[in-house]
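These notes are about the structure you will find just below.
Order of the sequence lines fixes the chain letters, A, B, ..., with proteins taken first and strands second; residue numbering starts at 1 for each chain.
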Amino acid sequence: MMRAFSVSFLRSNPLLLSHSSGNSAVVALDNHYYYNSSSSCCCCVFTSTFHVYAISHFSTNPNPFKPNSTFPYSSDPTHARLKQLLLEKSKTGFDKLDDALVLFDKMLHRKPLPSIFQFAQLLAALVKMKQYSVAVSVFRDICVKGIPVDIVTFNTAINCFCHLNRVDYAFSLLAGTIKRGFHPDVVTYTTLITGLISQDNPAEAQLLFTNLIRFKLIQPNVVTYNTIINGLYKRAHACTAVTLFRYMEKKGCQPDTVTYSTLIDCLCKLRLVDQALGLLHEMTKKGITPNVITYNSLIQGLCDFNRWQDVNQLLSEMNTRNISPNVRTFNILVDAYGKEGMINDVEDVIEFMIQRGQHPDVVTYSALMDGYCLRGEVDKALAVLETTMKKRGIVPTFVPIIF
DNA sequence: AAACCCGACT
């Protein structure tokens, strides 16, 4: 059997590796409660909906008065330190949910209060951690405390409601934004379009988009187009998506890495991998640089056709461009080699990723177990589940089988 | 200074 994964080749090419930060905090998203607003400074939307998604702040912690936080800052960070910390965390998220909440509590007790920028950064960090209901709860607290919010914080809250599949609340928050005298901007409307599409309501999304243009409420930007192109493609409206792609250029909106990555991923899923490779060529010619997501889509597409040589060529191209493969890249390879019975290649990839400091996750081991099972080596699969995963503290997932 | 869009296993 052909050895597809050339470890030696990858070893000879030092890759820059990024370490993904794990978030171990587990919070029930459906843990909502009723909030009766009698406070006049509270955002009017909450009084009208009378129903707020929220979270018990210390749900991962049995004792709320002794937060489970090992966060490394002094009890009262200087203003400069606070700013620096929030700037950093807004990009990566906090390691633990409690770290964010403890900091939020400290911010509320500072005199003078930190500005809305700092609170917005805290919200951004919570969004990075996918703690949407916590973010909504924090946003509500900010409103209740009378801290003057702005359009950006409102946009963040609207985005959180969309991720919680509560587009209805997102739209009532839009009403609240307008009532407060803010002008919803292109981000507000793009967020709502994303929400409608993820709710499987592309018709409403399209209507909103055309009305926004017709009434000149916003000028769609590249993110607006990317959102809609992705939504159209995922719902098998490939032709409309391509039309929109060409239309945006005509309107003077230059496609970016995300636009091309979206198109490339969708073409790969339609098994049009050579067309996808053509787009990779087109974007690089235009000076738009692909990223690890672009390559992951293409590698997946090529794996579906067992084009191992082309896969290795892309991996080497990533090297020359200094784009590091991440856990997902390796997971694609583990899955593809496993499905072809190339279990030695699978084992090589896993050994290699560990050497590179990329931690195999539940997806890696699920794909590995699948690979063993397909060869009838159920005992080895069980050993992965009961020994390797247990040792690494990886909790197996459960997927119901539908007949 | 802060917000919106793209990728892996069942």
Handout entry: pair W308(A)-C303(A): side-chain heavy atoms closer than 4.5 Å
Key = yes
Practice task
Go through V384(A) and K380(A) one step at a time and tell me if the side chain to side chain contact (heavy atoms under 4.5 Å, CB included) criterion holds.
Solution key: CA-CA 6 Å; V384(A) 171; K380(A) 286 192 179 171; 5.8 Å; no
Practice task
Please confirm whether the backbone N or O of T153(A) pairs with a side-chain atom of D150(A), one donor and one acceptor, at under 3.5 Å?
Solution key: yes
Exercise for the section: Indicate yes or no: does D335(A) engage K339(A) in a salt bridge with an N to O separation below 4.0 Å. Expected result: yes
Practice task
Evaluate the ring planes of Y169(A) and F161(A), with Trp represented by its six-membered ring, and classify them as parallel (under 30°), tilted (30 to 60°) or perpendicular (over 60°).
Solution key: perpendicular
Handout entry: Span of DNA chain B, from the first to the last nucleotide whose atoms fall under 4.0 Å of chain A heavy atoms
Key = dA1(B) to dT10(B)
Practice task
Using a cut-off of strictly less than 4.0 Å between a heavy atom of the residue and any atom of DNA chain B, enumerate the qualifying residues of residues 256-275 of chain A by number.
Solution key: V258(A), S261(A), T262(A), D265(A), K269(A)
Handout entry: Nucleic acid contacts - residues 184-201 of chain A versus DNA chain B, non-hydrogen atoms under 4.0 Å
Key = D185(A), V187(A), T190(A), T191(A), T194(A)
Practice task
Salt-bridge test for D105(A) and R110(A): reply yes if a basic N is under 4.0 Å from a carboxylate O, no otherwise.
Solution key: no
Fill in the blank from the handout: Residues pairing under side chain to side chain donor-acceptor pair (under 3.5 Å) where one sits in residues 283-298 of chain A, two or more places apart or in two chains, turn out to be E249(A)-K286(A), Y260(A)-K286(A), S261(A)-T294(A), D265(A)-S297(A), N291(A)-T294(A), Y295(A)-E317(A), Y295(A)-R321(A), N296(A)-N326(A), N296(A)-T329(A)
Practice task
Would you check if the side chain of S366(A) reaches a backbone N or O of V362(A) as a donor-acceptor pair within less than 3.5 Å?
Solution key: yes
Problem - Derivation of the salt bridge (charged side-chain N to carboxylate O under 4.0 Å, His left out) call for R307(A) and D274(A) - result: CA-CA 11 Å; R307(A) 287 168 63 169; D274(A) 285 304; 3.1 Å; yes
Exercise for the section: Could you tell me whether K96(A) and D98(A) have a side-chain N and a carboxylate O separated by less than 4.0 Å? Expected result: no
Problem - Step-by-step side-chain hydrogen bond (donor to acceptor under 3.5 Å, both in side chains) determination, T224(A) to N221(A) - result: CA-CA 5 Å; T224(A) 319; N221(A) 64 16; 2.9 Å; yes
Practice task
For the pair V334(A) and Y365(A), evaluate side chain to side chain contact (heavy atoms under 4.5 Å, CB included) and give the outcome as yes or no after the intermediate values.
Solution key: CA-CA 9 Å; V334(A) 166; Y365(A) 288 121; over 6 Å; no
Problem - Whether E347(A) side chain and L368(A) backbone form a donor-acceptor pair below 3.5 Å - result: no
Problem - Side chains of F330(A) and T364(A) in contact at under 4.5 Å (non-hydrogen atoms) - result: no
Exercise for the section: Could you list by number each residue of residues 378-388 of chain A showing a heavy-atom separation from DNA chain B of less than 4.0 Å, or answer none if no residue does? Expected result: none
Handout entry: Distance flag, aromatic centroids of F139(A) and F154(A), threshold under 6.0 Å
Key = yes
Practice task
Have a look at V127(A) and say if it touches a base, only the backbone sugar-phosphate, or nothing, with a 4.0 Å heavy-atom cut-off.
Solution key: sugar-phosphate
Completion exercise
Within residues 293-300 of chain A, those residues having any heavy atom closer than 4.0 Å to DNA chain B are I293(A), N296(A), S297(A), Q300(A)
